[in-house]
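Chain A is the first sequence line, chain B the second, and so forth, proteins listed ahead of strands; every chain is numbered from 1.
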Protein chains: 2
Amino acid sequence: MKIPNQNPSICSCVNLRRASRAITRIYDKALEPVDLKITQYSVLANVARSGPLSSSNLARILRLDRTTLVRNLKSLEAAGFIEEHPEVTDPRERAIRITEAGRQMVEKARPLWVQAQQQVEDHLGSAALQQLTTLVTSLETLSDHIA
Amino acid sequence: MKIPNQNPSICSCVNLRRASRAITRIYDKALEPVDLKITQYSVLANVARSGPLSSSNLARILRLDRTTLVRNLKSLEAAGFIEEHPEVTDPRERAIRITEAGRQMVEKARPLWVQAQQQVEDHLGSAALQQLTTLVTSLETLSDHIA
DNA sequence: ATGATATACGTGCATATACACGCATAGTTC
DNA sequence: GAACTATGCGTGTATATGCACGTATATCAT
């Protein structure tokens, strides 16, 4: 017996996680031609834009757990898209920089990302996307408040 | 140099993933006393409600990749909250059932889940939660359409 | 009955996520 | 300058996520 797909849950968390998985599929699919996932593109584009910076600072920018970021950086470094060097001003820090190959990859991936962005905006409408930014901020505020 | 926390991204996917991580922190925190994560509670509560069913059907209900679900079930089975038995009508299927210990766990966890639900609703407002259900449906539709 | 197709299931692999530790160095206070 | 505190970093462990495969059984078409 085969059960059909299901409606949204009554649990906000479950719904948000479902939405997250769904949109990730959309973006990952769009980035498939350059063999990048949206998580990797996101990190790479941020390193490209925010210049050399430490993993702690990058984690704060991405609102991602630092130790999670450390592992995510591994694959990007293995692929030769970023490199790390000891920071002179503070020996504890390691400065993360994008490489030339990394910069080229970002350039190649950007149009695919734009396409996914457009696809989602066309389907959801810009109002929904605006509400989404509010949602993020509210939830992060609540989460920070609790922790 | 320490960089402060960041505003929402211009990328809808990144924002949704951020929101997902934030709300997961909130629910996981609420469920901490019973040592369950929201992902596990979600699966367990669904098994409890939807009675014995196959992993494929449960995956469709949860809109979760079947192979992902299979691993998630492992820890619940190891904890003794669910059990699997071969299905008589179709030897390929395995019927997943909640155990007595599982049922007790759901009972114990439910008030904590309700508390998280309430907390989020108080902070975001019911209108935002309603928009969220629309968002889930739209994104899953778009994702299905593309795939 | 046979062959094609659909469905069910599990595992290997890669990545994502985050908590709990421990170690090293910077900064602050006395 | 010594003690305390804050910050930066990486790893161990556990879970979450999904794609690519291979295997087994059901179902359907002829």
Side-chain angles (χ1 to χ4, degrees), chain A residues 1-3 13-14 17-29 31-32 35-43 53-60 62-79 84-96 143 147, chain B residues 1-3 13-14 17-29 31-32 35-43 53-60 62-79 84-96 143 147:
Chain A
M1 184 192 50
K2 188 169 164 180
I3 287 182
C13 184
V14 166
R17 291 180 65 91
R18 271 174 63 169
S20 171
R21 290 196 298 269
I23 201 171
T24 299
R25 279 194 296 274
I26 295 168
Y27 279 72
D28 278 355
K29 185 81 177 177
L31 289 172
E32 219 176 47
D35 213 40
L36 269 191
K37 312 188 83 181
I38 180 60
T39 45
Q40 300 171 321
Y41 175 75
S42 162
V43 171
L53 80 178
S54 68
S55 61
S56 291
N57 278 334
L58 184 53
R60 274 190 281 267
L62 298 170
R63 297 256 357 177
L64 192 56
D65 186 273
R66 182 186 56 81
T67 68
T68 296
L69 177 60
V70 165
R71 328 267 174 150
N72 295 1
L73 289 172
K74 283 280 171 64
S75 62
L76 292 175
E77 191 172 17
E84 299 187 27
H85 296 287
E87 179 62 72
V88 283
T89 63
D90 187 336
R92 292 174 306 175
E93 294 190 12
R94 294 179 58 73
I96 300 161
S143 168
Chain B
M1 182 193 48
K2 188 169 165 180
I3 287 182
C13 184
V14 166
R17 291 180 66 91
R18 272 173 63 168
S20 171
R21 290 196 299 269
I23 202 171
T24 299
R25 280 194 295 274
I26 295 168
Y27 279 72
D28 278 355
K29 186 80 177 177
L31 290 173
E32 218 176 47
D35 212 41
L36 269 191
K37 314 189 83 181
I38 180 59
T39 45
Q40 301 172 321
Y41 175 75
S42 163
V43 172
L53 81 177
S54 69
S55 61
S56 291
N57 278 335
L58 184 52
R60 274 189 282 268
L62 299 169
R63 298 262 349 183
L64 190 58
D65 185 273
R66 181 186 55 81
T67 68
T68 297
L69 176 61
V70 165
R71 329 270 173 148
N72 295 1
L73 289 172
K74 285 279 171 65
S75 61
L76 293 176
E77 190 172 18
E84 299 187 26
H85 298 288
E87 178 61 74
V88 282
T89 64
D90 188 337
R92 291 174 308 175
E93 293 190 11
R94 295 180 58 73
I96 299 160
S143 168

A.B. asks: For A/Leu69 and for A/Thr89, find the nucleotide of DNA chain C with the closest heavy atom, then tell me which residue's nucleotide is more 5'.
C.D. replies: A/Leu69
A.B. asks: Backbone N or O of A/Arg63 within a donor-acceptor pair of the B/Arg21 side chain at under 3.5 Å?
C.D. replies: yes
A.B. asks: I'd like to know if A/Thr39 reaches the base of C/dA16 with its side chain such that a donor and an acceptor end up less than 3.5 angstrom apart.
C.D. replies: no
A.B. asks: For the pair made of CD1 in B/Ile38 and P in C/dA18, what is the distance, rounded to whole Å?
C.D. replies: 15 Å
A.B. asks: When the nearest nucleotide of DNA chain D is assigned to A/Glu32 and to A/Lys74 on a heavy-atom basis, which residue is associated with the more 5' position?
C.D. replies: A/Lys74
A.B. asks: Within this structure, what is the CD-to-P distance between B/Glu87 and C/dT7, rounded to whole angstrom?
C.D. replies: 18 Å
A.B. asks: At 4.0 Å (heavy atoms only), tell me whether A/Thr68 reaches a base, stays on the sugar-phosphate, or touches nothing.
C.D. replies: base
A.B. asks: Supply the atom-to-atom distance A/Ser143 OG to B/Arg18 CZ, rounded to the nearest 0.5 angstrom.
C.D. replies: 11.5 Å
A.B. asks: Output all residues satisfying side chain to side chain contact (heavy atoms under 4.5 Å, CB included) with A/Thr39, sequence neighbours left out; order by chain, then residue number.
C.D. replies: A/Lys37, B/Arg17
A.B. asks: For B/Arg66, report the nucleic acid contact type (base, sugar-phosphate, nothing); a contact means any heavy atom under 4.0 Å.
C.D. replies: base
A.B. asks: Under 4.0 Å from a heavy atom of chain B: give me the 5'-most and 3'-most nucleotides of DNA chain D that qualify.
C.D. replies: D/dT7 to D/dA26
A.B. asks: Rounded off to whole Å, could you give me the CG-to-P distance for the A/Leu36 and C/dA16 pair?
C.D. replies: 10 Å
A.B. asks: B/Leu53 has an atom CG; how far is it from atom C1' of C/dC9, in whole Å?
C.D. replies: 14 Å
A.B. asks: How do A/Arg63 and A/Pro91 order along DNA chain C: which one's closest nucleotide is nearer the 5' end?
C.D. replies: A/Arg63
A.B. asks: Just checking B/Thr24: base, sugar-phosphate only, or nothing, at a heavy-atom cut-off of under 4.0 Å?
C.D. replies: nothing
A.B. asks: Kindly compute the distance separating CD (B/Glu93) from OG (B/Ser56), expressed to the nearest 0.5 Å.
C.D. replies: 7.5 Å
A.B. asks: With rounding to the nearest 0.5 angstrom, report the CG to CG distance, B/Leu76 to B/Leu36.
C.D. replies: 7.5 Å
A.B. asks: For the side chain of B/Arg92 and the base of C/dT7, is some donor closer than 3.5 Å to an acceptor across the two?
C.D. replies: yes
A.B. asks: Rounding to a whole Å, what distance do you find between A/Asp65:CG and C/dC21:C1'?
C.D. replies: 13 Å
A.B. asks: Whole angstroms only, please: what is the CZ-P distance between B/Arg18 and C/dA18?
C.D. replies: 12 Å
A.B. asks: If you assign each of B/Arg71 and A/Arg60 to its closest nucleotide in DNA chain D, which residue comes earlier from the 5' end?
C.D. replies: A/Arg60
A.B. asks: Ignoring hydrogens and angles, does a donor from either the side chain of A/Thr67 or the base of C/dC19 sit under 3.5 Å from an acceptor on the other?
C.D. replies: yes
A.B. asks: Could you give the distance from OG (A/Ser55) to CZ (A/Arg94), rounded to the nearest 0.5 Å?
C.D. replies: 9.0 Å
A.B. asks: Describe the nucleic acid contact of A/Lys29 in one word from base, sugar-phosphate, nothing, applying a heavy-atom distance below 4.0 Å.
C.D. replies: nothing
A.B. asks: Please classify the nucleic acid contact of B/Asp90 as base, sugar-phosphate, or nothing, using heavy-atom distances under 4.0 Å.
C.D. replies: sugar-phosphate
A.B. asks: What is the distance, to the nearest angstrom, from the CG atom on B/Leu73 to the C1' atom on C/dT11?
C.D. replies: 15 Å
A.B. asks: When rounded to the nearest 0.5 angstrom, what is the spacing between CG in B/Leu31 and CD1 in B/Ile26?
C.D. replies: 12.0 Å
A.B. asks: Evaluate B/Gln40 against B/Ser75 for side chain to side chain contact (heavy atoms under 4.5 Å, CB included), listing each step before the verdict.
C.D. replies: CA-CA 9 Å; B/Gln40 301 172 321; B/Ser75 61; 3.5 Å; yes
